[in-house]
Amino acid sequence: MTDDRYTRVLAIETSCDETSAAVLRGRGDDVAVESLVILSQDVHRVFGGVVPEMASRAHVAALVPVVEQALSDARVQHASLDAVAVTFAPGLVGALLVGVSFAKALAWSIGRPLVAVHHMEGHLFATSLEHRDAVPPFTALLISGGHTMLLDVAAWGRYRLLGRTRDDAAGEAFDKVAKLLGLAYPGGPHVERLAASANAPSSLRFTRPMLRRDQTPADDDYYDVSFSGLKTAVRSAVRGEIDRGTMTDDTRASIARAFQEALVETLVEKTVRASTQFGRRRIVLGGGVACNGALVAALRARAARSDTEVFAPSARLATDNAAMIARAGLFRFEAGERAPLSLNAYASMPLPGIASTN
Ligand code: KG4
Ligand code: ZN
């Protein structure tokens with residue numbers, strides 16, 4: 001049964017290596033996730049990274065049962081859906097196309113509108129599904145495997161891009177460092193665990209990239225980050241230990257910890273710069289790296305000094321999932337947006353609603 005006061009959205013997410021579907025019902029910020037199914041593709045572990053062609057094939061095999069499971073968990077039929085939302089960018093084009101083609105066919109066959117969702121806008125909405133106060137205005141730090149973005153969010157749909165990575169994304173840096181340390185993919189959680197096992201204190205310290213005390217908002221690297229130099233520093237440290245024959249479990253843990261500390265301090269400082277400059281009292285994290293407990297704890301401690309609250313999603317909603325796509329899809333649907341059946345998938349695409357800083 002459809003309730004006129006609410007909109008019920010079925011969403012599909014296939015941008016990388018999770019096949020996910022969710023049903024969400026709501027109006028504005030008053031929403032309820034009725035179901036969420038996430039199938040993580042294990043196959044990529046063997047290769048130490050996502051293999052695009054394999055991801056597409058795995059989405060093809062999994063999507064129909066994942067969507068059926070989401071509908072059955074929510075106890076709804078096609079007839080009670082009001083819209084079909086789908087991630088159309090950014091991501092792996094082949095993987096995205098599986099979700100987009102399926103969503104188009106479904107929307108057409110049940111006679112419901114199709115809504116195109118930008119994956120990073122999904123991450124922006126994810127935390128609000130768990131924390132009622134994680135709503136604009138706020139400073140957002142989106143840190144995933146493919147993106148690192150610092151945003152000022154005046155309202156849903158009104159974003160100002162303050163900074164981003166000049167090279168590797170935060171999650172990518174974790175994954176590359178994990179590889180250097182001989183850890184499995186995806187590397188973030190393994191690096192975090194190894195770092196936590198380090199015997200403090202260690203004299204090892206990596207330079208904080210693009211972080212200087214004398215920076216001012218007029219500098220173009222005031223908010224931007226860069227992690228490729230940090231990764232290179234980790235590589236030299238690892239090689240040095242191996243060459244000297246001094247690599248032990250303790251040394252690996254110290255390197256993991258020193259890497260994480262450098263990355264965390266950089267992100268924390270840049271994020272707090274943004275909340276201070278824009279007078280925001282809330283910071284919202286999104287993306288897989290938002291699972292990192294050391295980052296969340298350091299940001300909370302630093303933000304508390306300026307009475308600013310930090311909202312972080314649980315692991316389930318931090319990593320890729322269709323509930324966040326449904327929530328962003330509801331927002332776009334309520335704004336009157338409808339996608340044509342000619343909708344395509346795109347590897348990259350600017351976040352909608354971005355205003356320039358100047
Ligand atoms: O958002 P996400 O699921 O996928 C993308 O859209 O990219 O993020 C995945 C990334 C991976 O790079 C993974 O290593 C990282 O999130 N990650 C973490 C942690 N858990 C996941 N990074 C650091 N610490 C963690 N605990
Ligand atoms: Zn993501």
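Only a predicted model underlies this, so the values are computations on that prediction, with no experimental measurement involved. When a ligand or atom number is given, it counts from 1 through the structure's own listing order. Note that the numbering runs from 1 along the sequence shown for the chain.
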- Item | Side chain Arg332, main chain His118, donor-acceptor under 3.5 Å | no
- Query: Cys291 heavy atoms, cut-off 4.0 Å: which ligand 1 atoms fall inside?
  - Reply: 20 (N), 26 (N)
- Item | Note: Arg166-Asp220 ion pair, threshold 4.0 Å (strictly below) | yes
- Item | Nearest-option assignment for atom 17 (N) of ligand 1, heavy atoms, candidates Ala315, Ala290, Gly288 | Gly288
- Could you confirm whether Cys16 has any N/O/S atom lying under 2.8 Å from the Zn ion (ligand 2)? no
- Item | Short N/O/S contact of His147 with the Zn ion (ligand 2) (below 2.8 Å) | no
- Message: Can you tell whether the side chains of Arg327 and Asp29 come within less than 4.0 Å, N to carboxylate O?
- Response: yes
- Item | Ligand-residue contact atoms, ligand 1 with Gly145, heavy atoms, under 4.0 Å | 5 (C), 7 (O), 8 (O), 9 (C), 10 (C), 12 (O)
- Looking only at protein heavy atoms, identify the closest one to atom 22 (N) of ligand 1 and say how far it is in Å. Gly188 CA, 3.3 Å
- Query: Is it true that Glu34 and Arg8 make a salt bridge, defined as a side-chain N closer than 4.0 Å to a carboxylate O?
  - Reply: yes
- Query: Are any of the side-chain nitrogens in Glu265 or Arg208 under 4.0 Å away from the carboxylate oxygens of its partner?
  - Reply: yes
- For Ser254 and Thr251, run side-chain hydrogen bond (donor to acceptor under 3.5 Å, both in side chains): C-alpha distance rounded to whole Å, both residues' side-chain angles, the deciding distance at 0.1 Å, then the answer. CA-CA 5 Å; Ser254 300; Thr251 334; over 6 Å; no
- Query: Out of Leu151, Thr308, Ile283, Val153, which residue meets the side-chain contact (heavy atoms from CB on, under 4.5 Å) rule with Thr139?
  - Reply: Ile283
- Within 45° cone of Phe138 ring axis and under 6.0 Å: Arg280 NZ or CZ: no
- Query: Looking only at N/O atoms, are Gly287 and ligand 1 under 3.5 Å apart anywhere?
  - Reply: no
- Query: Looking only at distance, does Glu18 have an N or O less than 3.5 Å from an N or O of ligand 1?
  - Reply: no
- Message: With a 4.0 Å cut-off on N to O distance, would you call Arg302 and Glu269 a salt bridge?
- Response: yes
- Atom indices of ligand 1 within 4.0 angstrom of Asp175 heavy atoms, with elements: 11 (C), 12 (O), 13 (C), 14 (O)
- Which one holds for His119 and ligand 1: side chain close, backbone close, both close, or neither close, with close meaning a heavy atom under 4.0 Å? side chain
- A student checking ligand 1 against Phe174 at a 4.0 Å heavy-atom cut-off should list atoms 22 (N), 23 (C)
Enumerate donor-acceptor pairs with a distance under 3.5 Å from any side-chain N or O in residues 290-299 to protein atoms, sequence neighbours excluded.
residue: Asn292; atom: OD1; partner: Ala294; partner atom: N; Å: 3.1
residue: Asn292; atom: OD1; partner: Leu295; partner atom: N; Å: 2.9
residue: Asn292; atom: ND2; partner: Gln260; partner atom: OE1; Å: 3.1

- Among protein heavy atoms, which lies nearest atom 2 (P) of ligand 1, and at what distance? Asp320 OD1, 3.5 Å
- Message: As a test of reading the structure, name the N/O/S atom of Asp320 that is nearest the Zn ion (ligand 2).
- Response: OD1
- Does ligand 1 have any atom sitting under 4.0 Å from a heavy atom of Gln260? no
- Note on the structure: Within 4.0 Å of some non-hydrogen atom of His123, the atoms of ligand 1 are 1 (O), 6 (O)
- heavy-atom search around atom 26 (N) of ligand 1 in the protein gives Glu192 OE1, 2.8 Å
- Taking the inter-plane angle between the rings of Phe331 and Phe125 on a 0 to 90° scale, is it parallel (under 30°), tilted (30 to 60°) or perpendicular (over 60°)? tilted
- Note on the structure: Under 4.0 Å from one or more heavy atoms of Gly187, ligand 1 contributes atoms 14 (O)
- Query: Under 4.0 angstrom from ligand 1, any heavy atom of Cys16?
  - Reply: no
- Query: Should the pair Arg273 and Tyr223 be classed as cation-pi, given the thresholds of under 6.0 Å to the six-membered ring centre and 45° from the axis?
  - Reply: no
- Message: Distance under 4.0 Å to a non-hydrogen atom of Thr319: what atoms of ligand 1 satisfy this?
- Response: 3 (O)
- Message: Between the side chains of Lys270 and Asp224, is the shortest nitrogen-to-carboxylate-oxygen separation below 4.0 Å, so that they form an ion pair?
- Response: no
- Looking only at protein heavy atoms, what sits closest to atom 24 (N) of ligand 1 is Asn292 ND2, 3.0 Å
- Relative to the heavy atoms of Gly146, which atoms of ligand 1 are at a distance of less than 4.0 Å? 7 (O)
